[in-house]
Every structure is written in structure tokens, then in C-alpha cells.
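Let me begin by presenting the structure, written as C-alpha cells, before commenting on it.
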Amino acid sequence: MGSWDSCKDMFIVDVRFHYYLRTWLNCTLDVIGTIVVIVYASPLFMLVVVPLGYLYFTIQRYYIASSRQIRRLAGASHTPVISHFSETLLGVSTVRAFGHQERFINQNKDVINENLVCFYNNVISNRWLAVRLEFLGNLMVFFAALFAVIANGKVDSTTVGLSISYALSITQSLNFWVRKACEIETNGISIERVCEYSNIVKEAPWILSSRPPAGWPNEGVIQFISYKVRYRPDIDYALQDISFQTSREEKIGIIGRTGAGKSTLTNCLFRIIERAGGKIIIDGIDISTIGLHDLRGNLNIIPQDPVLFSGTIQSNLDPLGKYSDFELWNALELCDLKNFVQSLPKKLQHEISESGENLSMGQRQLVCLARALLRKTKVLVLDEATASVDMETDNLVQSTIQKEFRNCTVLTIAHRLHSIMDSDRVLVLDSGKIAEFDTPQNLLQQRGVFYEMTSQAGIHQNEVNL
Ligand code: ATP
Ligand code: MG
């Protein structure tokens, strides 16, 4: 919705606005020209221009203010009509199954009625304006003719004819003049919005002069030093004073209650949000000193929310076309997707609809995993990577990850504690701070937060390989 609005704003600024401005200027010059011609023919007309002008601007001010609000209301009441209609179409089988057609028809009538109330007022306000403007226009014709008669032959008949024929066309020009002024005012909001967008703080540059060496990171040692971050300057820190260091190719499990800051920690690694203090160092390079492209291109993530784009399975796995079909099939096999893709009529060329809607949530996560397997960088982040797949596939995926990423540093965020029990170390987050960081065995012996969480999840100490 947001991006559609901004597209519309840009469209108005680039394509439409100059047209509104031009037609408004045309009308203005039309009206001024007509008045000049009439005043030239009968100078007495000057006397009525001032009161008529005052009347005109009062009517215009009144109309523009009301019309703007009525249009806003009409726009706001139009959205429920469309969304109710499309929601009903999407859930039509459920509506029929429960026999609630009547209720939905009535709801539809209600929202349409509400919209019509505004629409009707819009039409009426236009009529209101037309009646007054025509009255004003006719007054001008009347006075132009009256003063010509009063002049009693002092002005030649051709000039009188010209001034009256000009006066006759003024009604239409006045009408247009108000409408165009109204259009400019309503669409001026788009310019205001575009100006606001252009002041939004942008992301850091993609590539900086200091670039990491080829093959970075080659060890996968991640170090957080007194790291702090917050989403906006006016809210509290989402992460505070985070300091820890992984060793080479270590497998770290990250746990914590909902809202503890687990996803935030991964967002910081990719610099989706920028630090408020402290540093993150990966293999000796402070990540804030390199460009975002160099950073993000060298790390790998399977996000909480699996992101797919409309396109083929192939273009989703390998957007840059760097890998052979053999490698793609191999990655799919490792993620248990090979049989599924082979059963599709177009196989790798199968079209994925917008944001992957024609795949199940679990399948989307598996496609993301296959993508990560292909890119294979030294650091991998899994954010609830298998939250939506069944237990059997989860086990398969876990063993694939263990096997294929054994030479990588893997940060796993998991809600199912089972999947991180065999990590080398576990980082427990609590309200944005590190509560515990040690091997699962030591943490269990310490009987702290981790112990509590594992006993709640029904995992006993003897399940852990001591
Ligand atoms: P979950 O287990 O539910 O995924 P999480 O540990 O990943 O939780 P985060 O998403 O990292 O939690 O959120 C940490 C804190 O940051 C929360 O208090 C949350 O309210 C806040 N937060 C997260 N995203 C935003 C955002 N976009 N704007 C402002 N605050 C946010
Ligand atoms: Mg999260």
C-alpha cells in the first residue's frame, strides 16, 4: 500500500502536476482577459468588478475547504468497499459453507451506502458551486450589457459586441478556475509527501573505498564489543551492552523469550539497523567500516520470514545465474525439495507467485535454505529457520545444516530448544542483555535461565551429550 501511494505521488509530481498548473494558468488568464476587454469597452464595469470579485473568492474559499474534506471522506469510505469485496471473494467458500451470504450482502450494502453518502455530497457540492458561479457570470453579462446601454452610443457597436460575447463565456471560465485551483490544492499534498520522502535518512553506501579482502570472512570469528542498538532514538535500547566472541566455525544457539532481541541481533549483523554504540568485528574487520553490499553479500541468512520473489524457482535460488543446474538440483536434494520440484510440470522453471504464495510456508523456508546452501559463506544465521516444517523434515534439515555447514560459523535462533542442544555454546538473551553464554552442559549445571527453559520444554539433562 505504501509503495503504491508513493508511486502515485511520483506519478502526480512528474506527469500530472504541470498539466494542472497549466490549465489553472490558462483559466486565470482567460478570466483576466475577459475583464480587461469588458472594462475597455465600458470603464464603469470597474465598479462592479471589486464586489463581484469579493463574492467570487468567498464562494471559492468555502467550496475548496468543504470539497477537500468531502473528497477525503469519499476516499476513506471507498477503501472498505474494495477490501470487503475482495475479502468476501477470497473467503467465498467459507461464507457459503456457514450460510452467511445474507450477512455479507448486508455488510456490503452498508459500506457502499456509507461511500454513497460522501459521493452524493461531492456531487451536491459541485452543483452548489455551479449555481453560484453561474449567477455571478450572469451578473457580469448583465452589467456588461447595462453599462453598454448607459454609455448610449459613445462606444462603437463592434466593441460592445466584443465585450458582451466575452462576458458570455466567463461563466465557464470561472467554473474551471475554481475546479483547477481545487485540483492544485488536493494534489499539492503529493509534492509535500515527496519532499518528506526525500528527507528520510538513507542507508549507508553500498560500496566504500575500504573493501574487505576477497574471501572475507575466511574464519568466521564474530566479536561483539559493548554493542548497543535501538530502533528509533526516542525508544529504549533493543540490545544493550552485548559483548561476546565466537571461535572459528563455532555453532552458537541463541535463545530467549519473545521480544528478547534475538532477531535484532541478526539485523545488527547485516546492518539492517545501525549501531547506537559499540562494534561488531568479523574476522578482524569492523563491519561499520565497509559498504553494505560487501557486508551482506558475504554473510548468509535464512530469515524468520522466508522471502521469495515472483519469478521461477531457479531465479529465486540463483538470482545472478551463477550456478549450474547440477548444483541447483543438488541443493534441492539436500533440502528434501528435489521430489517436489521434479513433480512440477515445469520443474526449475515453475513460476512462484508474488511473495511465494503458491508454496506452503515450510516449502518457502526450504527454498531459502537451498539458496543459503548454494551461496555457502563462512557465516550463516538461521532465524527460526525451520519453524514451519514438520518434525521429520526438521530433523532432515538440521542434519543437512550440520553436515553442509560444518566448516562455517552458524548462529541458530530456535524456539524448539531440541535443535540447539548440540550447539557448541548457547547464548541466552533476556530483555536485550546477555543472561548466559556457555556450553549447554555448563549452563544446565549452573541451573540458571537456560536450565529453567529446558525443564519447561521437557528436556532432561541426560538427553544432552555430556
Ligand atoms: P521473537 O522470538 O518473537 O522473534 P525476538 O527475540 O526476535 O522475538 P526482536 O524482534 O529482536 O525479538 O525484538 C526485540 C525488541 O525490539 C522488542 O522489544 C521489540 O518490541 C523491539 N522491536 C523489534 N522490531 C522493532 C521495530 N521495527 N521497531 C521498534 N521496535 C522494535
Ligand atoms: Mg524474532
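Reckoned from all heavy atoms, side chains included, excluding hydrogens, waters and symmetry mates. In this chain, numbering begins with 1 at the start of the sequence shown. Counting convention: from 1, in listed order, for ligands and their atoms alike.
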Could you check whether any side-chain N or O of N115 sits under 3.5 Å from a backbone N or O of A74, counting only pairs where one atom can act as donor and the other as acceptor?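 Checked: pair present.
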Closest to atom 13 (O) of ligand 1 among I273, I254, T264 (heavy-atom distance):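 Shortest heavy-atom distance from atom 13 (O) of ligand 1: T264.
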Per atom 14 (C) of ligand 1, closest listed option by heavy atom (S431, G259, G256): G259
Do any of the N/O/S atoms of T264, backbone or side chain, fall under 2.8 Å from the Mg ion (ligand 2)? no
Distance-only polar pair, side chains of [X] and [Y], donor-acceptor under 3.5 Å:
{"X": "S247", "Y": "E250", "value": "yes"}
{"X": "N26", "Y": "R22", "value": "no"}
{"X": "Y227", "Y": "D241", "value": "no"}
{"X": "S324", "Y": "E327", "value": "yes"}
{"X": "N298", "Y": "T377", "value": "no"}

Which protein non-hydrogen atom lies closest to [atom], naming both residue and atom, and how far is it?
{"atom": "atom 4 (O) of ligand 1", "value": "Q304 NE2, 3.1 Å"}
{"atom": "atom 26 (C) of ligand 1", "value": "Y231 CD2, 3.3 Å"}
{"atom": "atom 10 (O) of ligand 1", "value": "S263 CB, 3.8 Å"}
{"atom": "atom 1 (P) of ligand 1", "value": "K262 NZ, 3.8 Å"}

R193/E196 salt bridge by N-O under 4.0 Å criterion: no
Flag: protein heavy atom within less than 4.0 Å of atom 23 (C) of ligand 1: yes
Protein heavy atoms near atom 20 (O) of ligand 1, is at least one of them under 4.0 angstrom away? no
Check ligand 1 against T258 and write out every atom of the ligand that is under 4.0 Å from a heavy-atom position of the residue.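 What qualifies from ligand 1 is 2 (O), 3 (O), 8 (O).
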Taking 4.0 angstrom as the limit and counting only heavy atoms of A238, give me the atoms of ligand 1 inside it, by number and element.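 Reading through ligand 1 atom by atom, the close ones are 16 (O).
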So do M453 and L417 actually touch side chain to side chain, heavy atoms under 4.5 Å? yes
